[in-house]
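Beneath this line is the structure, given in structure tokens, with notes to follow.
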Amino acid sequence: MNPDAGGSSSATPPPSASQGAGAEEERGGKPVVVVLVGPPGCGKSTFAEAVVTGSTAGRPWVRICQDTIGNGKAGTKIQCLKAASDALKEGKSVLIDRCNLEREQRADFVKLGGTLHVDVHAVALDLPAKVCISRAVSRKGHEGNLQGGKAALVVNRMLQKKETPLLTEGFSRIMSCNDDGDIKKAVDLYNALGPSDSLPSGIFGQKSKGPVQVGIMKFLKKGDTSSVEKSSGPNITLSESKQGQQNPLPKHEKVEAGITCQMEVEKGLDDKKENEEHAKESDSDNVGSRTLAFPSISTADFQFDLDRASDIIVDTAADFLQKFDNVRLVLVDLSEKSRILSLVKQKASKKSIDSSRFVTFVGDITQLHTKGGLQCSVIANAANWRLKPGGGGVNAAIFNAAGESLQHATKKCADALRPGTSVVVPLPSVSPLHQREGVTHVIHVLGPNMNPMRPDYLKNDYTKGSKILHEAYNSLFENFASIVQSNMGKQNSKSGAEMSASGGTSPNDTKMKREDSHGSERMKKHKLLPPTMTAKQQHECTKANAPNYHDKSTVSSAAPNQAREGDNKKSGVVASKTWGSWAQALYELAMHPDKYKNTDSILETSDEFVVLKDLYPKAKKHVLVISRADGLDSLADVKKEHLPLLRRMHSAGLKWAQKFLEEDASLVFRLGYHSVPSMRQLHLHIISQDFNSTSLKNKKHWNSFTTPFFRDSVDVIEEIEQHGSATSSSDEKVLAMELRCHRCRSAHPNIPKLKSHISTCKSSFPSHLQQKNRLISLSTTMHMDCT
DNA sequence: GTTCTAGAAC
DNA sequence: GTTCTAGAAC
């Protein structure tokens with residue numbers, strides 16, 4: 001408290017209510033800034049128009065639309081700010097009709113409101129992505145010229161970056177509309193808003209999408225005994241647990257000091273009566289709902305070192321159990337001889353972990369209740385990155401046991417996972433796993449992969465691998481804790497109120513809780529979901545844009561990726577390469593060529609590769625031979641074992657070059673790979689050397705085909721034969737090099753001049769290219785035919 | 001004044 | 001990815 005500040009005259013007028021009111025009276029109203037938040041196709045403009053034209057209460061409204069602000073054409077944010085400022089000064093309320101999905105994009109409008117002492121509202125049009133996409137795709141004559149197939153891409157990309165508006169940004173009111181009904185209600189609300197009326201502050205209409213995570217420490221952490229009864233740990237006797245709440249284990253789950261609970265021990269539970277009794281007791285003390293059963297992550301198919309893995313399991317479990325009382329972890333493996341179980345058991349006992357709250361269990365994770373007598377409401381799945389069933393092991397077993405409903409539920413929650421993250425999927429009650437085993441939640445976890453045959457292979461880098469495995473378990477346990485907390489919140493509304501009240505600064509509980517859940521959503525977005533476009537989004541994008549499997553020969557859009565990589569590093573997830581949304585198209589095609597077989601872009605399909613015309617050809621003839629091997633994304637992944645594949649891809653490329661030469665004998669082809677491809681899934685370019693194409697537009701396009709960035713297929717094959725890998729790939733710096741003719745090597749100041757030059761340059765190709773069949777022309781193919 | 005590019009925005 | 005535009009380059 002600075003007495004000077006309090007006593008000083010209003011050199012800088014504080015945004016006090018009285019001052020604001022005085023100004024309003026002068027202007028005869030109380031303007032407001034309404035920042036619309038939503039992707040293209042969400043109906044922002046319709047909303048704004050409806051408010052502007054439908055106002056029944058006399059409030060003057062101005063729609064500030066960035067798509068039309070420049071004399072009917074798209075303008076800048078600055079123009080919008082200026083227009084908004086002018087309107088507000090005239091006492092008019094404004095609707096900011098631009099996407100405003102990211103905090104930074106809307107910050108200036110919030111600031112403007114602050115400067116002019118008017119309330120700033122956010123209206124988030126949170127319609128389902130597919131609704132926005134389909135609207136954006138099908139609309140005609142859009143002011144911002146965003147329609148058709150590209151709209152899908154744009155919407156998807158924008159939604160990835162979406163940051164839910166927060167009160168802490170400076171909004172006095174945030175309203176979420178989740179469907180057209182909500183939107184109508186919001187329009188009605190603003191239409192009925194008189195010039196001097198104001199709307200209540202706070203957050204309205206937000207759907208709670210997941211378990212609340214913020215505040216969980218307060219709720220479960222040791223030391224906060226107000227809402228959680230402390231576990232008494234291993235010293236409690238079984239009889240004392242009759243009241244249930246205190247002992248995390250029911251008496252039927254006989255946990256030895258050795259902490260391994262084997263199925264044999266539980267055989268007696270097959271007795272129906274006892275089972276019923278068990279179930280009853282479990283229900284009453286609810287231990288099942290506080291138990292997580294999990295398989296060892298990454299140690300099966302992903303071949304993670306068992307010794308290291310067991311250390312990490314014990315470490316993360318110990319940390320977790322120290323932080324949270326009243327929860328139980330069960331490490332499950334099928335075999336009695338399981339080495340990971342025995343290692344974990346050993347290390348856990350050395351570390352003196354509470355053996356009643358961390359147990360190892362031999363059995364089938366999908367039959368813990370019926371066969372093992374264990375009640376575990378939450379089970380973890382060692383998932384694959386696409387969250388798809390199959391593949392064998394625990395993943396296949398869980399998806400099989402849970403039935404289709406798990407697949408559907410999973411799709412609703414997430415589309416893909418990055419190594420080191422997990423996602424909670426509430427298991428529908430129709431699922432056999434729910435009905436039979438009492439599993440209410442499955443948490444999919446993706447760990448690090450040390451298997452060269454699987455995606456995201458870490459090449460035995462255990463520094464990275466261990467970090468990711470740590471992350472994976474931490475993420476799993478945190479998500480588990482959030483489920484427990486959410487359950488307890490449901491059971492005990494008093495505790496929930498305590499949690500909110502203990503938030504302290506919030507004027508009302510509802511607001512606080514909503515903000516919390518909101519924070520949790522953000523956390524979920526940043527931490528749990530993959531930073532790149534989700535598989536579902538990709539799918540929808542592909543559907544909307546098919547065929548969308550063009551090759552992107554530039555890296556011009558790498559910036560957002562890099563930013564996201566930064567985020568990953570922060571959260572401990574280290575990715576070798578982040579593939580953007582469009583970068584997935586070839587992968588999608590390679591995995592499911594049948595889906596696209598009716599497009600004329602696909603020239604040939606085999607078990608090993610797909611040949612297709614590049615959607616944005618950089619020359620008269622430009623096709624791609626795409627490998628269909630999962631996990632083989634670029635030259636960096638190529639090993640000796642892939643040589644036969646590379647040779648066959650080369651042959652396929654040659655065949656197509658020859659076919660094109662039959663049509664146009666003047667062409668010359670080069671076959672090669674980009675050192676650093678923009679799209680995942682290894683693909684070989686077959687490109688004619690005329691570079692006569694309107695799609696070749698910039699320096700990066702040009703340099704990606706005419707500098708050492710382009711790696712001739714023959715050289716790649718030779719290099720792998722000799723060294724086992726493609727070592728001499730050049731980096732992306734060469735893409736910024738000066739523009740030189742690929743024939744005479746003359747330099748040119750810009751793309752148009754260069755293109756003009758190459759259209760007439762008749763120089764022979766550099767001698768280096770004329771060797772080893774790097775160039776394919778009629779003469780070379782004739783020669784090849786002879787030999 | 002016109003052309004071109006880089007970067008923002010979609 | 002494409003479109004658009006401000007400002008650099010000519």
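Numbered from 1 within each chain, the chains take letters A, B, ... in sequence-line order. What you see is a predicted model, and the numbers here were worked out from it, not measured in a lab.
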Just the atom pairs and distances: protein N or O near nucleotides 4-6 of chain B's N or O, under 3.5 Å.
unit_1 : atom_1 : unit_2 : atom_2 : d
B:dT5  : OP1    : A:I751 : N      : 3.0

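Evaluation of the ring-ring contact (aromatic ring centres under 6.0 Å, His included) rule for A:F710 yields A:F705 as partners, not counting sequence neighbours. Legend: residues meeting side-chain contact (heavy atoms from CB on, under 4.5 Å) with A:T706, ordered by chain and number and at least two apart, are A:F691, A:W702, A:N703, A:H742. Not a single side-chain contact (heavy atoms from CB on, under 4.5 Å) links A:T46 to another residue, sequence neighbours left out. Partners of A:H650 by ring-ring contact (aromatic ring centres under 6.0 Å, His included), not counting sequence neighbours: none found. Residues satisfying the side-chain contact (heavy atoms from CB on, under 4.5 Å) test with A:E604, not counting sequence neighbours, are A:F609, A:V611, A:K655, A:W656.
Looking at A:Y190 and A:H121, their side chains do bring a donor and an acceptor atom within 3.5 Å of each other.
For the pair A:E102 CD and B:dA8 C1', the interatomic distance rounds to 11 Å; values are reported in whole Å. If you measure from atom CD of A:Q66 to atom C1' of B:dC10, you get 9 Å, rounded to the nearest angstrom. Atom CG of A:L101 and atom C1' of B:dC10 are 10 Å apart (whole Å). Distance A:D97 CG to B:dA9 P: 16 Å, rounded to the nearest Å. Between A:D108 atom CG and B:dA9 atom P there is a gap of 10 Å when expressed in whole angstrom units.
A sub-4.0 Å separation between OP1 or OP2 of B:dA9 and a side-chain N or O of A:Q105 is absent.
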